[in-house]
Amino acid sequence: MFKYDVIVVGAGHAGCEAAMATAKLGAKTLLASLNLDNIALMPCNPAIGGPAKSCLVREIDALGGIMAIATDATYMQLKTLNSSKGPAVRALRAQSDKKEYMRFVRSLLESESNLSLKQCTMSELLVENDQVKGLKDEFGQEYYAPVVILTTGTSLEARIWVGLQYLEFGRLGEASAKGLSPSLKKLGFKIGRLKTGTPARVDARTIDFSQMIEQPGDKNPSFFSFLPNRPIREQYPCYLTRTTAKTHEIIKNNLDKSPLYSGLIHGIGPRYCPSIEDKIIRFAHNPSHHIFIEPEGKNTYEMYVQGFSTSLPASVQIQMLQSLPGLENVHVMKPAYAVEYDYLPAVQLTHSLMTKKVKGLFCAGQINGTSGYEEAAAQGLLAGINAIKYLQNKEMITLSRESSYLGTLVDDLVTKDIDEPYRMLTSRSEYRLLLRQDNADERLTKIGYEAGLIDEKRYQDFLKKQETIENEIIRLMSEKISPSEKVNSVLSKYGEHIDKGMKLAELIKRPNVTYETLMEADEKTHKLALTRDVYEQVEVKIKYEGYIKRQIQQVNMSDKLEKIRIPSDIDYSKIQHISIETRDKLAKIRPITLGQASRIGGVKPADISVLMVMIETHQLKTK
C-alpha cells in the first residue's frame, strides 16, 4: 500500500509548483507523471512572461515558488516589452532554453526529500463520503492520500489533430490520459472540452535570417526573481518575418482540410491566441501578419515559429512555411497540431482551488480552463499552499483581486462561466496600476513568509528593501535641486529645464524625467547608488501618486461589498425580485461575499441590492 500526505497528478508547471510547495512545507508528496522525461516541459513556445503574465511570474516568486528562479537560470533572451509605456503595462519576457529549464526544475524537485516521482497514468479517483482518499493507476495499483491535486494539463481524453487525422495524444509523442474524466463525471462533476494548438518547429540551418529583422534582447536586462545575484548569460536573438499574399492564398485554398473548419474539432479554442487560419479569415483586411522565429535552446537547431499555429495537414504546412520570407527552403522538424482535451469548469471550485463537491480534491492549471505556463504555475502554487492549510485544518488562503493578478485569475475562474481557454491579460484587472510587476514582492512576500515558503533571511532582506524605498521617497519629497549650468545641461538632454529650485519629487513627476535622470543631475542621488529594483518603485510611487491614490479609493469602495458575507444556508430559489437565470447562477456558484456575487456574469447592480436586503432580513431572523 502506497501512502502519502499529498498526491499531485501531472508534472507540468502547475504540478511542479504544487508538489514543490507541499514537499517544502513538510508533506510527504507523490508527483505522478505520464512521462518523467517531460517534467516542466514547455510543449508550446519556451517563453515565460509577457503582458500580465510577467506579473504572475513575479507573484509566484514573491510567494516562494520556483518559476522565476528557473527562468532566470536558463534564459536565452530577456526583453522588457512596452518599456516606453506606463508601469501598469510594462512586461518582462524571457526566451528560455527548453531542455535546460526542464533539467533545472527536475533537479529542484529531486532535491526535496519529501518528494517522490512516479511515472504512471492515474486513471481513477478514490472517494469516500465526499472525501478524496487517493487514486488508482492503469495497473490497478492504489495510492492513498487525504489530498489530491489534479494538474493534468491538456492530457485528459486528449486528441491531437494534423489535418483530418488525429492521434490519441495530449502532446506530440505523449499518449493522452484515460480514465480520470469518466471518474470525475461519475462523481458528479461537469466536464467540458477545449482546444489549443502549437506551431511547427523548423531547422535553423535551413533558414535565411538575412531576410528577417533581428530582435535582440535587452543590453541591461531585468530579471524575474527578486533574489539577488541572478546569472548574466549570453543572449540570443529572435527574428521577425511576415506572412505574404501567397501564404494567405495557400491557407484559403485548404480550409476544407482543417479539422476546425470542417467541424471535427468541437472544443473551443483561445480567442487571444488564434490559429493562422483564424487570423486570415477573421482579419481578412490585414494583408500580412507578424511571425517570429525563436530559438528552443542553445544546443539545438530547433526553432519555434511563433504566430503560426495551425491544424492543417503536414504537407500544406510545408507550403505555408516556405511562403514566408527567409523560409523558402525550410525543413520542418515537427508539424504544428491542434489538441482537444477535457477540462473541469472552475465554477465547481472555491477560491482555495479545492472542489466544492469533494473535500481534499484540488485542481490547478489547464484542467481549470486556463492557457499558459504562467497561469498554470500560479494556480499550482496556490493549490499547494492551500493543500497544506487543509491538512493542518487551518483557514485556506484566498487572494483578493486588488492583491494580485493571481487573485484576479482565480476569482474570474470560480465566478464566471469560462467557455474558452482563459489567458491572463492586463485588462482583466480593474486595479492594474496597483498590480505591477515591480511591486509583486511588496504585495505578496509577507503571505509567502507566513505560509512558510519564504525563509527568514529573504524576508528580512525584503523588509530592508521596503524601508529603503520609503526613506528615499521621504528624501525626494523633502530635498531640493537648484538650477545650475550642470543641472540644466543634464535636463536639456531630456527636453527639460528649471529656472528655480524645486523638490526632487516634483522634478521626477515631469514626464521626461526619470530617477536615472536624477542620478545624472543630482550628486547625492548619484552617490546613493540604489539598485534598479528599488529606484523603479520609488519613481513609480512618486510619479503616479495621484493615480495610485484614486485606485486605492476604488479598492476601499469595493472592499465594502467584499466584507458583506452571504449566509451559506441561503436558498436562492426562494428569493423574489431577481430573475430565475440569476437565481440559478447564484445557486451554482454560491458566492461567499456580495463582492464576489457582483462579479458573476449576468448579475446586475439591482440584484446586489436585493441580496443586501435579503442578508439583512436573514440576520434579523437568526438573532
Side-chain angles (χ1 to χ4, degrees), residues 1-36 38-40 65-66 105-106 108-110 112-153 155-156 170 177-184 186-187 189 342 344 348-349 352-355 357-368 376-377 379-393 396:
M1 184 183 291
F2 305 104
K3 283 190 175 182
Y4 299 90
D5 298 316
V6 178
I7 299 173
V8 180
V9 182
H13 302 281
C16 289
E17 293 286 355
M20 192 70 181
T22 56
K24 196 172 177 181
L25 293 173
K28 185 182 178 185
T29 303
L30 177 69
L31 177 58
S33 173
L34 294 171
N35 186 345
L36 290 180
N38 286 344
I39 287 175
I66 61 176
V105 172
R106 180 160 181 169
L108 288 179
L109 295 173
E110 292 182 331
E112 283 298 324
S113 58
N114 288 320
L115 180 58
S116 299
L117 305 178
K118 178 81 174 183
Q119 182 164 306
C120 66
T121 301
M122 294 296 188
S123 58
E124 184 182 346
L125 279 161
L126 303 176
V127 176
E128 191 177 298
N129 298 324
D130 297 328
Q131 165 69 53
V132 74
K133 295 295 181 184
L135 294 136
K136 185 184 291 186
D137 71 13
E138 75 269 49
F139 302 116
Q141 293 188 105
E142 294 183 346
Y143 306 78
Y144 295 96
V147 169
V148 169
I149 306 175
L150 299 181
T151 63
T152 51
S155 294
L156 294 185
K178 301 289 186 180
L180 269 183
S181 280
S183 182
L184 286 164
K186 190 175 178 181
L187 290 167
F189 288 101
D342 283 355
L344 189 147
Q348 299 167 96
L349 310 179
S352 68
L353 297 182
M354 186 170 77
T355 64
K357 195 176 290 291
V358 177
K359 293 178 181 177
L361 179 61
F362 293 78
C363 296
Q366 285 185 277
I367 190 174
N368 289 342
Q379 291 173 72
L381 179 57
L382 182 63
I385 292 171
N386 279 331
I388 298 301
K389 297 284 187 185
Y390 174 79
L391 286 173
Q392 296 171 342
N393 200 28
M396 290 185 276

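Being a predicted model, the structure only gives us computed values, none of them experimental.
Qualifying ring-ring contact (aromatic ring centres under 6.0 Å, His included) partners for Tyr143, counting only residues two or more places apart in sequence or in other chains: Phe2. Qualifying salt bridge (charged side-chain N to carboxylate O under 4.0 Å, His left out) partners for Glu110, counting only residues two or more places apart in sequence or in other chains: Arg106. For Asn368, the side chain to side chain donor-acceptor pair (under 3.5 Å) partners two or more places apart in sequence, or in a different chain, are Gln379. Residues forming a side chain to side chain contact (heavy atoms under 4.5 Å, CB included) with Lys3 (at least two apart in sequence, or on another chain): Met1, Tyr144. Partners of Leu25 by side chain to side chain contact (heavy atoms under 4.5 Å, CB included), not counting sequence neighbours, listed by chain and number: Ile388, Leu453. Residues passing the side chain to side chain donor-acceptor pair (under 3.5 Å) test with Ser352 are Thr350, sequence neighbours excluded. Residues forming a side chain to side chain donor-acceptor pair (under 3.5 Å) with Ser155 (at least two apart in sequence, or on another chain): none. In this structure, the side chain to side chain donor-acceptor pair (under 3.5 Å) partners of Thr22, at least two apart in sequence or on a different chain, are Thr29.
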- Task: Applying side-chain contact (heavy atoms from CB on, under 4.5 Å), run through Val127 and Leu361 and close with a yes or a no.
- Result: CA-CA 9 Å; Val127 176; Leu361 179 61; 5.9 Å; no
- Leu135/Val148 under side-chain contact (heavy atoms from CB on, under 4.5 Å): CA gap, chis, key distance, verdict: CA-CA 8 Å; Leu135 294 136; Val148 169; 3.8 Å; yes
- Verdict with supporting geometry, Asn38 and Ser33, side-chain contact (heavy atoms from CB on, under 4.5 Å): CA-CA 8 Å; Asn38 286 344; Ser33 173; 5.5 Å; no
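Each side chain to side chain donor-acceptor pair (under 3.5 Å) pair with one or both residues in residues 117-135, not counting sequence neighbours, appears once here: Gln131-Tyr390. Sorted by first and then second residue, the salt bridge (Lys or Arg N to Asp or Glu O under 4.0 Å) pairs involving residues 141-153 (not counting sequence neighbours) are Lys136-Glu142.
Counting heavy atoms from C-beta outward, Leu156 and Leu344 have side chains that stay 4.5 Å or more apart. Looking at heavy atoms from C-beta onward, Glu112 lies out of side-chain contact with Leu31 at the 4.5 angstrom threshold.
The two residues Cys363 and Thr355 come nearest to each other via the heavy atoms SG-CG2, 4.2 Å. Heavy atoms only, all atoms of each residue included: Met122 and Leu180 are closest at O-CG, 3.2 Å. Closest non-hydrogen pair, Leu115 versus Ala23, comes out as CB-CB, 3.8 Å. Taking each heavy atom of Pro146 and Val132 in turn, the nearest pair found is O-CG1, 3.4 Å.
In this structure, OG in Ser183 is found 9.0 Å from CG in Leu150, a value given to the nearest 0.5 Å. In this structure, the separation between CG on Leu109 and NZ on Lys24 is 12.0 Å, given to the nearest 0.5 Å. Separating the CG atom in Leu117 from the CG atom in Leu36 is a distance of 5.5 Å, to the nearest 0.5 Å.
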Please set out all donor-acceptor pairs under 3.5 angstrom arising from side-chain atoms of residues 5-15, sequence neighbours excluded.
| from | atom 1 | to | atom 2 | distance (Å) |
| --- | --- | --- | --- | --- |
| Asp5 | OD2 | Lys28 | N | 2.7 |
| His13 | NE2 | Leu41 | O | 3.2 |

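Between the Glu17 side chain and the Ile66 main chain, a donor and an acceptor come within less than 3.5 Å of each other.
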